[in-house]
Number of protein chains: 2
Amino acid sequence: MSPDNGSKTTRDRLLEVAETLFAQKGYDAVSVRKITTAAGCNLAAVNYHFGNKKTLYLNVFRERWVSRAQRIRACFEENLTGCDDTSPASVIQSLAEALIKGPLTDKERLFHFQLMTREIIKPTEAFEIVLEETMKPSFEGLGQLLQPYLHESIDEERTLLNILSIFSMVLYFNFARLPVSKIIGHAYDQPFKDRLVQHIVDFSLSGLPVKEDAR
Amino acid sequence: MSPDNGSKTTRDRLLEVAETLFAQKGYDAVSVRKITTAAGCNLAAVNYHFGNKKTLYLNVFRERWVSRAQRIRACFEENLTGCDDTSPASVIQSLAEALIKGPLTDKERLFHFQLMTREIIKPTEAFEIVLEETMKPSFEGLGQLLQPYLHESIDEERTLLNILSIFSMVLYFNFARLPVSKIIGHAYDQPFKDRLVQHIVDFSLSGLPVKEDAR
DNA sequence: ACGTATATCAAACGAACGTTTGATTGTCAA
DNA sequence: TTGACAATCAAACGTTCGTTTGATATACGT
């Protein structure tokens, strides 16, 4: 035990602070000194509790990122339970709401996507954790939910491409909030999030709203 | 002039090498020493030609990234000229092909998206260059092309959301090639790229291929 | 041939990096 | 009260960082 800066253990404070800094600045731009200073503990604490900087980074994913992804997944399933059916419209709306409005605070959501995107750009061991523990199970589950509603002629690859397309929109509108804000001209307030979810559902079900006589 | 390692000026070699390394590893993970060693010149060359490391990074965008984005845009316009019309189908196909197959080599495309994504995650001055010189003009042009074909009731925000949705797919299938590959189970070979472009066109025009009786 | 930019070089600057060490503290069973 | 263990600490290790300096080499107008 310890005198406890802020009522949490040094180990927990290190994980929390490290996640914030790694998400905001990236692995290489964050020093062990900055982490330990922000966590209010000694420089050697990282090596004492985690062995080295890299293991601390991996534990941020193991102990914080994955559990947050599971909270999003639980929210999706809760949303879906609240629907009348499991039609594609219900599934997509539940998914979009879980990710865009969802159970995470704005900060949590930002850090979550920053960490994930950094791993996509430049994968480390943490990418395998993300892929195996959250992405693959999610895609498999969505496939089984949507498959019965799709044309029989649609093969497995097309089904996956459809799911990936929905995911791409949800992810893009989340992780690229800055350019999206600058282009649409306003911030992500609650009414816009509502319109955004509705747009994703509409677009996913019908594509562009093209005039009949112009197709 | 100089003895010219590799028939290009030291300045050009620095820009080329710096772009590769910045894209692969990120700004903070690349040292001036690694850049100058890879470029086969002296450590002080960066400060002589660009003043400092940060200005070198910005010039990578100004002199290399933007011009490559313009090559993609030119390819899009060339694709569209080859079409019979400027219908949404033609526009989307031209766009998807310009970005996914397009004029860039695999390496160029990878670096291009890595640099852009890093700026979206953690914007620097370079983000303004990307936004003003390529994103805003592109979105404006696409809006004017598609607007005539969309329902009159669609307001400006909905039009932008539609364009952003198409963009999100194209960007995602490009920059997230690694997780996409791992999920669909094979690499980005030419036949798959063709199917991918077709899927993006289909999905953008009609959304999910849902059975009529299941809607 | 000479003087002047332009370009490249080796060497060094102080600062910050990840990690290790050994001493010091607090806690609790014996 | 004592001994053992877990946790924290200040201090130092060697390395690498971005940048600066002053010397050297090359090209070109005069």
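Naming: A, B, ... by sequence-line order, numbering from 1 per chain. These numbers come from a predicted model, not from an experiment.
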Among C:dT19, C:dT21, C:dA10, which nucleotide has an atom closest to any side-chain atom of A:V32?
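Of all the options, the side chain of A:V32 is nearest to C:dT19.
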
From C:dT8, D:dG18, D:dC17, pick the nucleotide closest to the side chain of B:K53?
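It is D:dG18.
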
Could one point to a donor on the side chain of A:N42 or the base of D:dA7 with an acceptor on the other under 3.5 Å away?
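Checked by distance alone, the answer is no.
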
If I take atom [atom1] in residue [X] and atom [atom2] in nucleotide [N], what distance separates them, rounded to the nearest angstrom?
X	N	atom1	atom2	answer
B:K54	D:dG18	NZ	P	15 Å
A:H49	C:dT19	NE2	C1'	16 Å
B:Y48	D:dA23	OH	P	17 Å
A:N47	C:dT19	CG	C1'	5 Å
B:D12	C:dT8	CG	P	11 Å
B:Y57	D:dG18	OH	C1'	17 Å
B:F50	C:dT8	CZ	C1'	15 Å
A:R33	D:dA11	CZ	P	14 Å

So, A:D106 and A:R109, do they make that salt bridge, N to O below 4.0 Å?
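Salt bridge flag = yes for A:R109 with A:D106.
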
Salt bridge flag under 4.0 Å for residues B:D28 and A:K25:
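Between A:K25 and B:D28 there is no salt bridge, as every charged N stays at least 4.0 Å from the carboxylate O atoms.
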
Can you see if the side chain of B:T10 gets near the phosphate of C:dT8 - specifically, an N or O under 4.0 Å from OP1 or OP2?
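Looking at the OP1 and OP2 atoms of C:dT8, one of them is under 4.0 Å from a side-chain N or O of B:T10.
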
Presence of A:S31 side-chain N/O under 4.0 Å of C:dA16 phosphate oxygens OP1/OP2:
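A:S31 to C:dA16 OP1/OP2: no side-chain N or O under 4.0 Å.
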
Cation-pi check for A:F127 against B:K182: NZ or CZ below 6.0 Å from the six-membered ring centre and within 45 degrees of the axis, yes or no?
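Here B:K182 fails the 6.0 Å and 45° test against A:F127.
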
Could you walk me through whether B:R68 and B:H112 satisfy the side chain to side chain donor-acceptor pair (under 3.5 Å) test, starting with their C-alpha distance in whole Å, then the side-chain angles of each, then the deciding distance to 0.1 Å, before giving a yes or no?
CA-CA 8 Å; B:R68 207 168 32 223; B:H112 196 71; 3.1 Å; yes

